[in-house]
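So you know, we letter chains A, B, ... as the sequences are listed, proteins then strands, and number each from 1. In this text, all values refer to a predicted model and were calculated from it rather than measured experimentally.
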2 protein chains.
Amino acid sequence: MANTKQKAVKARRLFTDEAYEILKRRILDNEWPAGHLALEQELAAELGMSRTPIREALIRLEKEGLVEVRPRHGMRVLGISAEDMEEIYEILTCLESMAAELVAKRGLTDQQRAELNAAVNDMDTALAQDNLETWAKADERFHKLLVDYCGNRRLKSLVEGCFDQAHRARLLTLKLRPKPTSSNEDHRATVNAIERRDPTAAREIHRLHRMRAGEMLVEILNKHGLSSL
Amino acid sequence: MANTKQKAVKARRLFTDEAYEILKRRILDNEWPAGHLALEQELAAELGMSRTPIREALIRLEKEGLVEVRPRHGMRVLGISAEDMEEIYEILTCLESMAAELVAKRGLTDQQRAELNAAVNDMDTALAQDNLETWAKADERFHKLLVDYCGNRRLKSLVEGCFDQAHRARLLTLKLRPKPTSSNEDHRATVNAIERRDPTAAREIHRLHRMRAGEMLVEILNKHGLSSL
DNA sequence: TGACTATTTAATGTATACATTAACATATTC
DNA sequence: GAATATGTTAATGTATACATTAAATAGTCA
């Protein structure tokens, strides 16, 4: 049997990676809400693998701040308190405004400019149609593009980590917040500053944008007593 | 091996944590330079434990960007290129200047002000005595205090992660860089801005300080062709 | 010789075994 | 009945076993 030709097996940490992806997905999609508990053995049985890859996946998720591994009670999905949100937005504020500055410094390719503008336009049309879900997706796309184009891979990865942590809280506050009209204007202004190669303006505009967004979200969380979601 | 009547054990991830600490120490202290290779089995034998805790420690170190786990060649200590240093300093620039802003906003306790000033004073005396080692330690202490006092634990942890990654490169460039006179002045100015509760000034002063420091280090690395150390 | 294949080696990813011990339940004492 | 002591359970941390497969080596034929 000609099995020596090309087996096409290349993945190495197949199960560990799979467990990591599945668990992360469940957390981000809110399938497992904050506080959800799960035992290593349960997970292993459910995912059809042994405890070893589960443990390794949990270590990674713990490092990302998504779960907490408690000595005898298994893993617990971490919640986001108003204070957590404040911390996260302070970090996003400075990292993303640095990203905006860097993008303005290095300039955009035509392709990149098109994508950025497309994201802002999508935000506008979504807002005009009162479609908050779509708006949120376009907004997230904009922020991701920004850190993508800044050229600093570490920064990108840190920002994405923050995004993941704040993701569920953002989803939940989406309906509670006022119409994000000014967000769209802010983003246009940022793109504008980037296009005219003004790093300082890009940084400052985006910094103020993120600061306001963060303060608003924290206020909402506090007002609704969403201490840990 | 480990069943020979050990002391009353109470910690839970004793070996994993121990392996993590030991390996991290070796990397930070440059006992293992960039590029150093080690096999899981070797490490297990050397540290007197099985491969399991070693693996778990390596996963953590990999997430911190200190090592790379390569499919068949064991773990490899990651080096820092000039580009890496640039990325790290861009991140430090914005995170730390945010920290300075936050500290200025919330103000210092007497104790905190004393500690910050002590760090700057130590930097001055070390510089007067041409003791770069001591200067570097005081400088690091200053930066650590800043993120410590800002009240944002996530920010603190991210900054410390950057510090760890850049640590060896900083050690090496310490003798190659010009006398860090302006660093001390910058720090005094930052403390000053914090003491008079001027968040914007604190942020901007510290931002420029970090930016310059980063640019200088990158230049040194490039000039000396230290592509990966 | 040199490219190409078969064979061996060894490091890994995963599964499983096992001793430990925190958490819970039950029993005991006053 | 409350508090403490004792026993039981079960989840974990670690060790070990094992199958897989990338890399190294030897072997084969042009």
Side-chain angles (χ1 to χ4, degrees), chain A residues 1-24 26-27 32 35-64 66-78, chain B residues 1-24 26-27 32 35-64 66-78:
Chain A
M1 21 200 100
N3 53 2
T4 49
K5 267 293 146 73
Q6 47 190 29
K7 286 293 261 195
V9 181
K10 59 190 235 169
R12 39 232 49 178
R13 290 183 301 187
L14 202 60
F15 279 19
T16 299
D17 289 346
E18 192 187 344
Y20 171 79
E21 302 285 354
I22 292 177
L23 299 181
K24 184 163 181 175
R26 287 188 183 176
I27 295 167
W32 280 353
H36 179 90
L37 295 172
L39 266 33
E40 289 178 4
Q41 306 181 114
E42 293 173 11
L43 297 176
E46 195 196 335
L47 300 192
M49 56 185 77
S50 77
R51 276 174 52 220
T52 309
I54 299 288
R55 290 197 112 233
E56 302 191 343
L58 288 181
I59 292 173
R60 293 210 250 163
L61 292 170
E62 189 172 32
K63 272 268 175 198
E64 289 180 27
L66 291 176
V67 310
E68 175 191 28
V69 176
R70 302 192 310 168
R72 287 284 160 182
H73 302 86
M75 54 139 278
R76 194 176 67 97
V77 176
L78 287 179
Chain B
M1 251 125 276
N3 55 1
T4 52
K5 201 57 171 192
Q6 296 216 333
K7 270 180 35 179
V9 185
K10 60 185 239 179
R12 29 233 55 166
R13 289 183 301 187
L14 199 61
F15 280 18
T16 298
D17 289 346
E18 192 188 344
Y20 171 79
E21 302 285 354
I22 291 177
L23 298 181
K24 183 161 181 175
R26 287 187 181 175
I27 295 167
W32 280 352
H36 180 91
L37 295 172
L39 266 33
E40 290 178 5
Q41 307 183 115
E42 293 173 11
L43 297 175
E46 195 194 335
L47 301 190
M49 55 184 77
S50 77
R51 276 175 52 221
T52 309
I54 300 288
R55 290 197 111 233
E56 302 191 343
L58 288 181
I59 292 173
R60 293 210 250 162
L61 292 171
E62 188 172 34
K63 271 270 175 197
E64 290 179 27
L66 291 176
V67 310
E68 175 192 28
V69 176
R70 302 192 310 168
R72 287 284 160 184
H73 302 86
M75 53 139 277
R76 194 176 68 99
V77 176
L78 287 179

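Phosphate proximity of D/dA15 to B/S50: present, with a side-chain N or O under 4.0 Å from OP1 or OP2. Side-chain nitrogen and oxygen atoms of B/T16 include at least one within less than 4.0 Å of the OP1 or OP2 phosphate oxygen of D/dT14.
One N or O donor and one acceptor, one from the side chain of B/R72 and one from the base of C/dA11, sit under 3.5 Å apart.
In this structure, A/F15 places its CZ atom 19 Å from P of C/dT12, rounding to the nearest Å. If you measure from atom CZ of A/R51 to atom P of D/dT14, you get 11 Å, rounded to the nearest angstrom. What separates CZ of B/R70 from C1' of C/dT12 is a distance of 14 Å, to the nearest Å. Atom P of nucleotide C/dA11 and atom CD of B/E42 are separated by 8 Å, given to the nearest angstrom. The CG atom of B/L14 sits 13 Å away from the P atom of C/dA22 (whole-angstrom rounding). Between the CD1 atom of B/I54 and the C1' atom of D/dT16 there is a distance of 15 Å, rounded to whole Å. Atom CD in B/E56 sits roughly 15 Å away from atom P in C/dT12 (whole-Å rounding). Going from atom CD of B/E40 over to atom P of D/dC18 covers 19 Å, rounded to whole Å.
Checked against B/V67 for a side chain to side chain contact (heavy atoms under 4.5 Å, CB included), the options B/R76, B/M75, B/H36, B/R60 give a single hit: B/M75.
Heavy-atom minimum distance, A/L37 versus A/H73: CD2-O, 4.1 Å.
In this structure, A/Q41 reaches the bases: a heavy-atom distance under 4.0 Å links it to at least one base atom across the strands shown.
Proximity of A/L23 to A/L58: side-chain heavy atoms (C-beta onward) are separated by under 4.5 Å at one or more points. Contact of the B/L78 side chain with the B/L66 side chain is not registered, since no non-hydrogen atoms from C-beta on lie closer than 4.5 Å.
Listed nucleotides C/dA15, D/dT14, D/dT12 differ in distance to A/P53; the shortest reach to its side chain belongs to C/dA15. Closest approach to the B/H73 side chain among D/dT12, C/dT14, D/dA23 is made by D/dA23 (side chain taken as heavy atoms from C-beta onward).
By the 4.0 Å N-to-carboxylate-O rule, B/K24 lies close enough to B/E64 to be salt-bridged with it.
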